[in-house]
Amino acid sequence: MNITIERADCTEFETPLLAVKIFEGDDPLVGPLAKLDERIGGQISDLRRRGDFRGKEDESLVLYPASGALGAERLLLVGLGKREELDPERLRRAAGTAVKEAVRLRVRRLSTIMHHAELIDERITLPDAARAVAEGAVLGSYAFTEMKSPAEPDEERVEVTDFVILEKVEEKAGRIEEAAHVGGAVARGENLARTLGNLPGNVATPTYLAESAQRIAREHGLVCTVLGREELKREGLEALLAVSRGSDQEPRLIILEHRGGAEGEKPLVLLGKGLTFDSGGISIKPSAGMEEMKFDMCGGAATLGAMQSIAELGVKANVIGIVPSSENLISGSAVKPGDIIGSHLGKTIEVVNTDAEGRLILADALSYLRRFEPAAVVDAATLTGACVIALGNHASAVMGNDDSLIEELREAGQRAGERVWPLPMLPEYKEQLRSDYADIKNSAGRPAGAITAGWFLREFVGDFPWAHLDIAGTAYGDGKLSYQVKGATGVPTRLFVEWVLARSS
Ligand code: BES
Ligand code: MN
Ligand code: ZN
């Protein structure tokens with residue numbers, strides 16, 4: 001999707017579809033909305049008076065202006081909810097709604113206005129609004145079609161190729177353009193993460209993820225390093241190797257480097273779980289819903305997506321993305337409950353449950369990444385079912401060893417519309433990981449399962465600020481938000497990029 005800014009008047013501009021956003025309640029129509037309303041004989045105010053269009057969030061309605069009344073062939077009203085509740089997320093959703101309507105109407109070209117005078121007050125700046133609108137539009141245009149046969153021409157999904165923001169004032173147009181460029185890049189990274197997440201386990205193998213990382217590096221100017229089985233053995237990533245032992249697919253450790261900061265400046269590190277299919281191993285999962293475990297690499301997918309966005313934006317910071325990748329399967333050589341394995345750090349681990357594999361591959365990556373002397377590390381992983389029980393699908397859990405980093409992530413998540421909520425890392429929880437036979441065991445049972453998983457990771461973290469995001473409840477879903485579809489959400493790509501941008505500004 002191309003996002004462009006046109007210096008044109010919205011009543012005159014020729015477009016198959018013009019989308020305008022309207023608040024709930026009886027806010028008077030002002031500015032361009034009042035002008036549009038007048039040109040179509042007061043239809044908008046009439047609809048509002050009758051209560052046929054209330055302006056509620058996600059509400060939308062298409063109007064067909066009399067011929068010649070407007071440059072636009074169709075006028076789409078999109079509800080924004082209450083004025084006093086306006087935030088970037090509402091605009092992201094409104095843009096998603098508009099793009100989905102355009103797809104339904106089989107319209108390839110969609111125009112809109114920023115309504116700066118009416119919408120934007122001290123609650124939200126013009127650049128924040130423009131960025132959110134661009135994100136919502138690009139995210140809303142996403143569809144996962146890679147694995148379907150082409151449809152009949154008349155049933156084929158129409159793609160919205162052009163998204164045009166109309167702004168007459170030059171200075172404003174410039175600021176909108178800059179912010180929309182950021183939003184577009186962030187959303188394209190998130191859409192990439194969605195596709196990697198949605199691809200099935202037989203396609204998106206560790207080798208495939210590594211090849212995708214190499215392609216991203218080639219196309220966007222990143223440095224990519226991939227460790228295969230032999231290198232992993234040489235480097236001693238024994239926990240990652242143990243998890244992959246039951247699989248015919250070779251494991252990978254994927255490293256993407258963006259060198260946008262000064263030489264010698266400590267890097268920010270993003271780390272993502274890249275478990276391409278989690279059967280549970282010998283501690284096998286129930287078959288109902290097991291197909292969803294192709295999404296167990298969504299943390300890794302978001303890491304790759306965020307690295308693409310960061311490179312595209314030329315962020316002025318050194319950023320490293322790391323993805324340990326493996327399958328968790330079953331064979332005569334698979335790791336068994338009770339096995340005691342080594343790790344990159346040297347700690348011995350009693351594997352009491354082979355389904356607690358994510359923490360094993362992340363532990364090795366956390367230990368390995370010390371060599372980069374990170375300024376801070378944030379990992380994202382579909383790590384525990386317990387997290388889904390604790391927070392459901394509306395927020396990811398955040399834990400870590402540094403309160404100010406956790407606060408930074410909370411704020412970045414709020415701005416990005418990918419919220420995180422802290423769980424308490426009380427030292428007492430760590431006791432549950434004591435093993436009778438090894439240095440630590442990999443599962444501490446059901447109580448506080450998300451926190452004990454966090455504590456397991458923490459035992460492998462070096463001397464740097466670190467935070468862990470459990471995205472088990474947010475990485476994929478039914479696609480309830482207007483800018484989502486069923487399947488991988490791309491979470492936390494936007495949060496990752498937002499955090500890096502905040503750190504580098
Ligand atoms: N990938 C799963 C966690 C998960 C569960 C993600 C549901 C998304 C939805 C992880 O590897 C896992 O199996 N965790 C176990 C840990 C337990 C054995 C300590 C879990 O949560 O049951
Ligand atoms: Mn598992
Ligand atoms: Zn898993």
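Order of appearance sets the numbers: ligands from 1, and atoms from 1 within every ligand.
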Inset, instruction - Check the angle between the aromatic planes of F295 and Y476 and answer parallel, tilted or perpendicular using the 30° and 60° thresholds. - result: parallel
Legend entry - F372 and Y368 aromatic ring geometry - parallel, tilted or perpendicular at 30°/60° bounds: perpendicular
Between [X] and [Y] (salt bridge meaning N to carboxylate O under 4.0 Å), is one present in this structure?
X    : Y    : answer
D128 : R131 : no
E238 : K233 : no
E411 : R419 : no
R359 : E459 : no

Legend entry - Of all N/O/S atoms in E357, the name of the one nearest the Zn ion (ligand 3): OE2
Inset, instruction - Would you mind naming the N, O or S atom of D296 nearest to the Zn ion (ligand 3)? - result: OD2
Within a distance under 4.0 Å of any heavy atom of [X], pick out the atoms of ligand 1 and give their elements.
X    : result
A472 : 6 (C), 8 (C)
E357 : 11 (O)
K273 : 1 (N), 10 (C), 11 (O)

Does [X] approach ligand 1 within less than 4.0 angstrom via side chain, backbone, both or neither, non-hydrogen atoms only?
X    : value
E292 : neither
D296 : side chain
R446 : neither

Inset, instruction - Assess F277 for proximity to ligand 1: is some non-hydrogen atom of it under 4.0 Å away? - result: no
Inset, instruction - Examine all N, O or S atoms of D278, backbone included, and report whether one is under 2.8 Å from the Zn ion (ligand 3). - result: yes
Inset, instruction - Report yes or no: does G358 have an N/O/S atom closer than 2.8 Å to the Zn ion (ligand 3)? - result: no
Provide, to 0.1 Å, the distance between [atom] and the closest protein heavy atom, together with that atom's residue and name.
atom                    : value
atom 19 (C) of ligand 1 : S443 OG, 3.4 Å
atom 2 (C) of ligand 1  : D278 OD2, 3.6 Å
atom 14 (N) of ligand 1 : L383 O, 3.4 Å
atom 7 (C) of ligand 1  : M293 CE, 3.8 Å
atom 16 (C) of ligand 1 : R359 NH2, 3.7 Å
atom 5 (C) of ligand 1  : G385 N, 3.7 Å
atom 9 (C) of ligand 1  : Y476 OH, 3.4 Å
atom 18 (C) of ligand 1 : N353 ND2, 3.3 Å

Legend entry - Which N, O or S atom of E357 lies nearest to the Mn ion (ligand 2), by name: OE1
Legend entry - Considering all heavy atoms, the nearest A317-H258 contact: O-CD2, 3.1 Å
Inset, instruction - Would you name the heavy atoms of W499 and L270 that are closest together and state the gap between them? - result: CZ3-CD2, 3.9 Å
Legend entry - Quiz item: cation-pi between R194 and F144, 6.0 Å / 45°: no
Inset, instruction - Report yes or no: is the cationic atom of R458 (NZ for Lys, CZ for Arg) under 6.0 Å from the centre of the six-membered ring of W466, at an angle within 45° of the ring normal? - result: no
Inset, instruction - Using the salt bridge (charged side-chain N to carboxylate O under 4.0 Å, His left out) rule, take D355 and K285 through it: C-alpha gap first, then chi angles, then the decisive distance, then the call. - result: CA-CA 8 Å; D355 200 8; K285 289 182 182 292; 2.9 Å; yes
Inset, instruction - Would you check if there is a donor-acceptor pair between the side chains of N328 and S279 at a distance under 3.5 Å? - result: no
Legend entry - Any N or O of T382 closer than 3.5 Å to N or O of ligand 1: yes
Legend entry - OD1 (D355) to the Mn ion (ligand 2) to OD2 (D278) angle, given to the nearest 10 degrees: 100°
Inset, instruction - Quick one: pull up CG in L369 and CG in L253 and give me the separation to the nearest 0.5 Å. - result: 9.0 Å
